[in-house]
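Each ligand, and each atom within it, is numbered from 1 in the order the structure gives.
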Amino acid sequence: MDLGDADLYLSAERYQRWREHTEADAVLWSGPGTSPGGFWSVFSHEHCRSLFAHSAPFTSEYGMMIGFDADHPDRSGGRMLVVSDGARHARLRKLIGPFLSRMRAVSMEDAVRREIRTHVEALCDGEVHDVATGLAPRIPAAVVCEVLDIPVGERDRLIELTNHAFGGADETFDKMTPSQAHTEILYYFNDLIARRRRRPGQDLISGMLRDQGLSASDVVINCDNVLIGGNETTRHAIAGCFEILGERPELLTLLRERPEAVHPLIEEVLRWTSPAMHVLRVATEQVTIGGQEIAKGSAVVAWLAAANRDERVFPEADVFRPDRQPNKHLGFGYGPHVCLGAALARLEIRLLLEALAELTDAVVVPTPPVALRSNLVQGRRSLRVTVTPR
Ligand code: HEM
């Protein structure tokens, strides 16, 4: 079976499959298909973590998702943070990290709260709203605009382009396909970089430009990393909050009565939704995982969403437990590449849950959500909700 086949992830049957593979500590081979050279898959929490350890003999430089391997490398390898290793990776991480840090999240809190409240208030009109295409993508896009300090008058355009480029929608926007919208964003970054060269600020682009070792295209590539990393994942955790609240209405009361309950709840949202379904590495030497020999140069996929339902680490893994502690989910990955935007993602989810608890009485999901067709991003293509204001 080609585990890269996106159709396998359209139905809830995937959880049953993942459970079987996880319990068996399976290490499975998918022949050439969605990935030209084929790839190994690991599922258990322990196996997935073993791929990410600092000393693990694996590289990200060929790419970090199904489709890339040693013979078909990602062209950004060694230049984009998430697909670079060693000293180059450490340098980029040190450069980009402060712009996405916990401190940065604190400084953005008021602006993000305002943005989220405006969107939640707009939902409170008794109408049906598709949050998967409406509210959910706009919040992370607004946060990335803050990080890059996009001029206010240009934000709506960039947010719409981002929504179209990564929204999973088929419709055309401004006569553009999603990939044309993505190209348009890269042109926009190029133009913004020229402006920041002339007038530097305190934002991520100006920070990267101060590093003499980075070319303009390196800066574009890493803006794109932050844009994709920040949008493609967080939007699905945000939409997931609505789905969870639709199924578990008592959580809104819990948040009102015990506001501190939001912290374990955020972690359970991240485990439960697991928007980054997998990450990929390539073995730099022969290695054995779970008794299976893996040759140097082979691609290995860690199914994070499966590991996040590993019963040995998460008792009653198929139950959403708002107070689950400890909660060592791998939603943000682990090891040297662990998500650099985690503090911002947690901020967005917290402020959304707080706004919903304060402003709404109930979230109803009137029709079944529509799954996104993807082997990489776990989420919804459509999630229609009605919200009752308080
Ligand atoms: C890395 C997931 C939000 C920026 C990662 C990785 C995962 C992940 C699994 C590791 C990739 C690997 O090991 O190859 C998520 C999830 C998010 C989220 C589930 C939301 C729920 C964000 C946000 C930003 C961001 C909001 C920025 C605004 C990044 C960056 C990296 C990264 C720059 C690369 C780090 C490195 O390679 O050192 N993310 N992410 N992410 N993420 Fe996130």
Side-chain angles (χ1 to χ4, degrees), residues 48-49 51-54 56 58-66 68 74 76-86 88-102 104-105 108 112 136-137 139-148 162 166 203-204 208 221-241 266-282 299-305 307-308 329-352 376-379:
C48 287
R49 257 176 66 138
L51 239 62
F52 305 132
H54 281 265
F58 292 101
T59 173
S60 296
E61 294 226 340
Y62 293 107
M64 48 71 71
M65 62 179 100
I66 291 172
F68 294 119
D74 184 333
S76 308
R79 294 175 67 201
M80 182 191 267
L81 174 66
V82 76
V83 284
S84 58
D85 280 339
R88 174 85 179 170
H89 173 253
R91 181 159 156 249
L92 283 169
R93 204 166 156 103
K94 202 169 156 202
L95 187 62
I96 296 171
F99 296 93
L100 307 176
S101 67
R102 204 177 295 201
R104 185 70 184 103
M108 280 167 54
V112 181
I139 294 171
V143 165
V144 171
C145 282
E146 283 285 323
V147 169
L148 299 175
T162 307
F166 308 120
D203 61 296
L204 173 60
M208 286 196 276
I221 283 175
N222 283 291
C223 285
D224 203 30
N225 188 169
V226 170
L227 183 81
I228 297 173
N231 281 294
E232 276 283 70
T233 47
T234 321
R235 58 184 293 161
H236 296 294
I238 287 174
C241 291
I266 294 168
E267 299 312 310
E268 187 68 341
V269 166
L270 289 163
R271 181 188 78 87
W272 188 255
T273 57
S274 289
M277 214 192 296
H278 79 258
V279 296
L280 174 145
R281 299 287 188 264
V282 170
V300 187
V301 167
W303 291 96
L304 303 178
N308 281 344
H329 66 79
L330 297 180
F332 289 129
Y334 181 75
H337 286 276
V338 70
C339 179
L340 207 49
L344 291 175
R346 287 189 170 109
L347 175 79
E348 293 173 46
I349 297 168
R350 172 166 67 77
L351 295 175
L352 174 72
L376 177 67
V377 180
Q378 178 160 250

Heavy atoms only, cut-off 4.0 Å: how does [X] contact ligand 1, side chain, backbone, both, or neither?
| X | value |
| --- | --- |
| M64 | side chain |
| S60 | neither |
| R281 | side chain |
| L304 | side chain |

#### Entry: Criterion side chain to side chain contact (heavy atoms under 4.5 Å, CB included) on F99 and V226, from CA distance to verdict
CA-CA 10 Å; F99 296 93; V226 170; over 6 Å; no
### Message
Counting only heavy atoms, tell me which of N222, V226, T233 gets closest to atom 17 (C) of ligand 1.
### Response
T233
### Query
For atom 34 (C) of ligand 1, which candidate among V82, L148, L204 holds the nearest heavy atom?
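Comparing heavy atoms across V82, L148, L204, the nearest one to atom 34 (C) of ligand 1 lies in V82.
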Identity and distance of the protein heavy atom lying nearest [atom]:
| atom | answer |
| --- | --- |
| atom 22 (C) of ligand 1 | G229 O, 3.2 Å |
| atom 31 (C) of ligand 1 | L340 N, 4.0 Å |
| atom 6 (C) of ligand 1 | F332 O, 3.8 Å |
| atom 10 (C) of ligand 1 | H337 O, 3.3 Å |
| atom 4 (C) of ligand 1 | G341 N, 3.8 Å |
| atom 23 (C) of ligand 1 | G230 CA, 3.4 Å |
| atom 8 (C) of ligand 1 | C339 CB, 3.7 Å |

Hey, is [X] one of the residues with a heavy atom under 4.0 angstrom from ligand 1?
| X | result |
| --- | --- |
| H89 | yes |
| L92 | no |
| P336 | yes |
| L81 | yes |
| P140 | no |

Identify the two heavy atoms, one from [X] and one from [Y], that lie closest to each other, and give their separation to 0.1 Å.
| X | Y | result |
| --- | --- | --- |
| R79 | S84 | N-CB, 4.4 Å |
| C241 | L352 | CB-CD2, 3.9 Å |
| A237 | V269 | O-CG1, 3.8 Å |

For atom [atom1] of [X], decide whether the heavy atoms of other residues, nucleotides or ligands shown that lie under 6.0 angstrom number more than 12.
| X | atom1 | result |
| --- | --- | --- |
| R102 | CZ | no |
| Y334 | OH | no |
| Y62 | OH | no |

Which atoms of ligand 1 have any heavy atom of [X] under 4.0 Å away?
| X | result |
| --- | --- |
| G333 | 9 (C) |
| L270 | 21 (C) |
| A345 | 3 (C), 20 (C) |
| T234 | 3 (C), 20 (C), 21 (C), 26 (C) |
| G331 | 2 (C), 9 (C), 19 (C) |

### Message
Test side chain to side chain contact (heavy atoms under 4.5 Å, CB included) on V301 and I66; report intermediate values, then the result.
### Response
CA-CA 7 Å; V301 167; I66 291 172; 3.6 Å; yes
### Query
So, is R93 polar-close to ligand 1, with some N/O to N/O distance under 3.5 Å?
yes
### Query
With only distance considered, is A342 within less than 3.5 Å of ligand 1 through an N or O on each side?
no
Quick check: do [X] and [Y] have side-chain heavy atoms less than 4.5 Å from each other?
| X | Y | answer |
| --- | --- | --- |
| F52 | V279 | yes |
| M64 | D74 | no |
| L270 | I349 | yes |
| T273 | H236 | no |

### Query
How far apart are the C-alpha atoms of M277 and V377, what are their side-chain angles, what is the distance that settles it, and do they pass the side chain to side chain contact (heavy atoms under 4.5 Å, CB included) test?
CA-CA 5 Å; M277 214 192 296; V377 180; over 6 Å; no
### Task
Verify the distance criterion only: is there a donor paired with an acceptor across the side chains of N308 and S274 at less than 3.5 Å?
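Yes, S274 and N308 have a side-chain donor paired with an acceptor closer than 3.5 Å.
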### Message
Applying side-chain hydrogen bond (donor to acceptor under 3.5 Å, both in side chains) to T59 and R281, what does each step give before you reach the verdict?
### Response
CA-CA 6 Å; T59 173; R281 299 287 188 264; over 6 Å; no
